[in-house]
Visitor: 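Below are the structure tokens for one structure; questions will follow.
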Amino acid sequence: MNGLSLSELCCLFCCPPCPGRIAAKLAFLPPEATYSLVPEPEPGPRGAGTAPLGTLRASSGAPGRWKLHLTERADFQYSHRELDTIEVFPTKSARGNRVSCMYVRCVPGASFYIGLGSRLHCNIFSYDYSGYDASSGRPSERNLYADIDAAWQALRTRYGIILYGQSIGTVPTVDLASRYECAAVVLHSPLTSGMRVAFRDTKKTYCVDAFPNIEKVSKITSPVLIIHGTEDEVIDFSHGLALYERCPKAVEPLWVEGTGHNDIELYSQYLERLRRFISQELPSQRA
């Protein structure tokens with residue numbers, strides 16, 4: 001997004017010159033779906049057997065029960081033990097899209113979301129944006145905000161909360177945190193706004209600018225930890241720094257020297273800083 005040619009810029013801003021279309025072209029690249037949520041039949045008589053590997057029972061808090069069906073191309077092929085720690089369910093956004101949600105309980109010795117929760121000693125909640133994987137609809141900025149609202153409302157009725165957003169995921173996270181207080185917020189490789197990513201010299205927020213995190217972050221009343229790599233090739237490090245300076249409840253940030261956009265979590269400082277934030281700093285602020 002940092003080195004657009006003249007023809008690409010013309011295509012981006014002139015076909016048609018609509019902020020929503022521009023944002024969609026800049027930010028949304030839904031991958032091929034590798035999993036889906038399907039209704040689970042009511043339990044049969046005792047001894048009827050267990051769900052096959054690649055399916056997952058959900059809690060009965062949502063209407064009916066749901067399971068996660070994984071294709072062979074899915075990045076993670078969970079074990080039975082891992083599946084037992086996860087709940088999946090759909091909720092509906094105000095714009096009519098089905099938002100797929102996943103709640104992961106902390107368990108030792110497992111893969112990414114499950115392993116991350118285990119190492120931090122906390123549970124993790126995630127959801128798919130509209131148009132991504134098991135969620136319906138099309139990706140757009142308006143749907144992005146409606147999606148996190150729907151996920152938030154579902155989460156609030158079930159569990160207690162630390163919001164975590166990475167890259168484009170910081171956009172709905174900042175928007176939600178600017179409107180509701182929560183336990184804490186983590187912004188991982190955040191952007192200040194769409195135009196500031198595409199045009200690094202942009203200093204103001206224009207009416208056509210999508211994803212204006214920089215205008216919303218000052219309204220967050222919860223503790224905020226910002227994490228950014230100093231050599232981020234997608235969203236420049238200056239974005240994280242600008243948000244940190246604008247955020248009234250920011251704690252000591254984590255600037256990871258020499259890291260890019262997608263490798264921060266490979267460094268020991270990442271888990272160490274998250275663990276200290278969650279287990280030490282948040283309890284002391286609540287005391």
Visitor: Would you please name every residue forming a side chain to side chain donor-acceptor pair (under 3.5 Å) with Thr192, sequence neighbours left out?
Guide: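 Only His239 meet the side chain to side chain donor-acceptor pair (under 3.5 Å) criterion with Thr192.
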
Visitor: With no hydrogens and no angle check, do the side chains of His188 and Ser167 hold a donor and an acceptor under 3.5 Å apart?
Guide: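 No donor-acceptor contact under 3.5 Å links the two side chains.
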
Visitor: Side chain to side chain contact (heavy atoms under 4.5 Å, CB included) for Val208 and Met195? Distances and angles first, verdict last.
Guide: CA-CA 8 Å; Val208 296; Met195 287 193 69; 3.8 Å; yes

Visitor: Between CD of Glu40 and CH2 of Trp66, what distance do you get to the nearest 0.5 Å?
Guide: 11.0 Å

Visitor: Going by heavy atoms in the side chains, are Tyr270 and Glu265 under 4.5 Å from each other?
Guide: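 When only atoms from C-beta onward are counted, Glu265 and Tyr270 do touch, with a gap below 4.5 Å.
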
Visitor: Could you go step by step and tell me if Leu225 and Leu187 meet the side chain to side chain contact (heavy atoms under 4.5 Å, CB included) rule?
Guide: CA-CA 6 Å; Leu225 169 62; Leu187 302 179; over 6 Å; no

Visitor: Is Ile227 linked to Leu271 within one hydrophobic cluster, defined over Ile, Leu, Val, Met, Phe, Trp and Tyr using a side-chain heavy-atom separation of less than 4.5 Å?
Guide: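 Yes, it is one cluster - the side chains of Ile227 and Leu271 are joined through contacts under 4.5 Å.
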
Visitor: Who pairs with Ser136 by side chain to side chain contact (heavy atoms under 4.5 Å, CB included), at least two apart in sequence or on another chain?
Guide: Asn97, Arg98

Visitor: Quick one: CG on Asp133 to OG on Ser100, what's the gap to the nearest 0.5 Å?
Guide: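 It is 8.5 Å, given to the nearest 0.5 Å.
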
Visitor: Evaluate side chain to side chain contact (heavy atoms under 4.5 Å, CB included) for Leu243 paired with Ile214, printing each intermediate quantity in order.
Guide: CA-CA 6 Å; Leu243 290 169; Ile214 193 68; 4.0 Å; yes

Visitor: Could you pull out the closest heavy-atom pair between Ile264 and Gly229, with the gap in Å?
Guide: CD1-N, 3.3 Å

Visitor: CD/Glu231 to CG/Asp263 distance, rounded to the nearest 0.5 angstrom?
Guide: 10.5 Å

Visitor: For a side chain to side chain donor-acceptor pair (under 3.5 Å) check, start with the C-alpha distance between Tyr35 and Asp128, then their side-chain angles and the critical distance, and finish with the verdict.
Guide: CA-CA 11 Å; Tyr35 56 87; Asp128 285 333; 2.7 Å; yes

Visitor: Just wondering, do Ile168 and Tyr129 contact through their side chains at under 4.5 Å, heavy atoms?
Guide: yes

Visitor: Arg196 pairs by side chain to side chain donor-acceptor pair (under 3.5 Å) with which of Asn213, Thr205, Asp201?
Guide: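 The residue from Asn213, Thr205, Asp201 that satisfies side chain to side chain donor-acceptor pair (under 3.5 Å) with Arg196 turns out to be Thr205.
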
Visitor: Please round to the nearest 0.5 Å and tell me the distance separating atom CD of Gln166 and atom NE2 of His261.
Guide: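 So the gap between those two atoms works out to 6.5 Å.
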
Visitor: Measure the spacing between CH2 of Trp152 and CG of Asp175 and express it to the nearest 0.5 Å.
Guide: 12.0 Å

Visitor: Below 4.5 Å, heavy atoms only, C-beta onward: do Ile86 and Tyr103 meet side chain to side chain?
Guide: no

Visitor: For residues Val99 and Lys92, determine if any side-chain heavy atom of one lies less than 4.5 Å from a side-chain heavy atom of the other.
Guide: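 A side-chain contact under 4.5 Å is absent here.
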
Visitor: Should the pair Lys216 and Tyr145 be classed as cation-pi, given the thresholds of under 6.0 Å to the six-membered ring centre and 45° from the axis?
Guide: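 Pair Lys216/Tyr145 counts as cation-pi.
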
Visitor: Among residues at least two apart in sequence or on other chains, which ones pass side chain to side chain contact (heavy atoms under 4.5 Å, CB included) with Ser222?
Guide: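 Once residues adjacent in sequence are excluded, the partners of Ser222 under the side chain to side chain contact (heavy atoms under 4.5 Å, CB included) criterion are Glu181, Cys182, Val185, Ile220.
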
Visitor: Does any part of the side chain of Ser189, heavy atoms only, come nearer than 4.5 Å to the side chain of Asp232, both counted from C-beta?
Guide: yes

Visitor: Give me the ring orientation class for His228 and Phe237: parallel if the planes are under 30° apart, tilted from 30 to 60°, perpendicular past 60°.
Guide: perpendicular

Visitor: Any chance you could lay out the side chain to side chain contact (heavy atoms under 4.5 Å, CB included) test for Leu144 and Phe211, step after step, and finish with the verdict?
Guide: CA-CA 10 Å; Leu144 203 63; Phe211 316 133; 4.3 Å; yes

Visitor: Hey, does Leu37 have a side-chain heavy atom less than 4.5 Å from the side chain of Phe89?
Guide: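 They are not in side-chain contact.
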
Visitor: Consider only side-chain N and O atoms of Asp147 and Tyr127, and report whether a donor and an acceptor are under 3.5 Å apart.
Guide: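 Absent: no donor and acceptor within the cut-off.
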
Visitor: Is any side-chain heavy atom of Thr259 less than 4.5 Å from a side-chain heavy atom of Tyr267?
Guide: yes

Visitor: I'd like to check the salt bridge (Lys or Arg N to Asp or Glu O under 4.0 Å) partners of Arg275; sequence neighbours left out, ordered by chain and number.
Guide: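 Result, salt bridge (Lys or Arg N to Asp or Glu O under 4.0 Å) vs Arg275: none returned.
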
Visitor: Apply side chain to side chain donor-acceptor pair (under 3.5 Å) to Asp149 and list each qualifying residue two or more places apart in sequence or on a separate chain.
Guide: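 Per chain and number, Asp149 pairs via side chain to side chain donor-acceptor pair (under 3.5 Å) with Arg179.
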
Visitor: Of all residues at least two apart in sequence or in a different chain, which pass the salt bridge (Lys or Arg N to Asp or Glu O under 4.0 Å) check with Arg273?
Guide: Glu281

Visitor: To the nearest 0.5 Å, how far apart are CG in Leu241 and CD1 in Ile226?
Guide: 9.0 Å

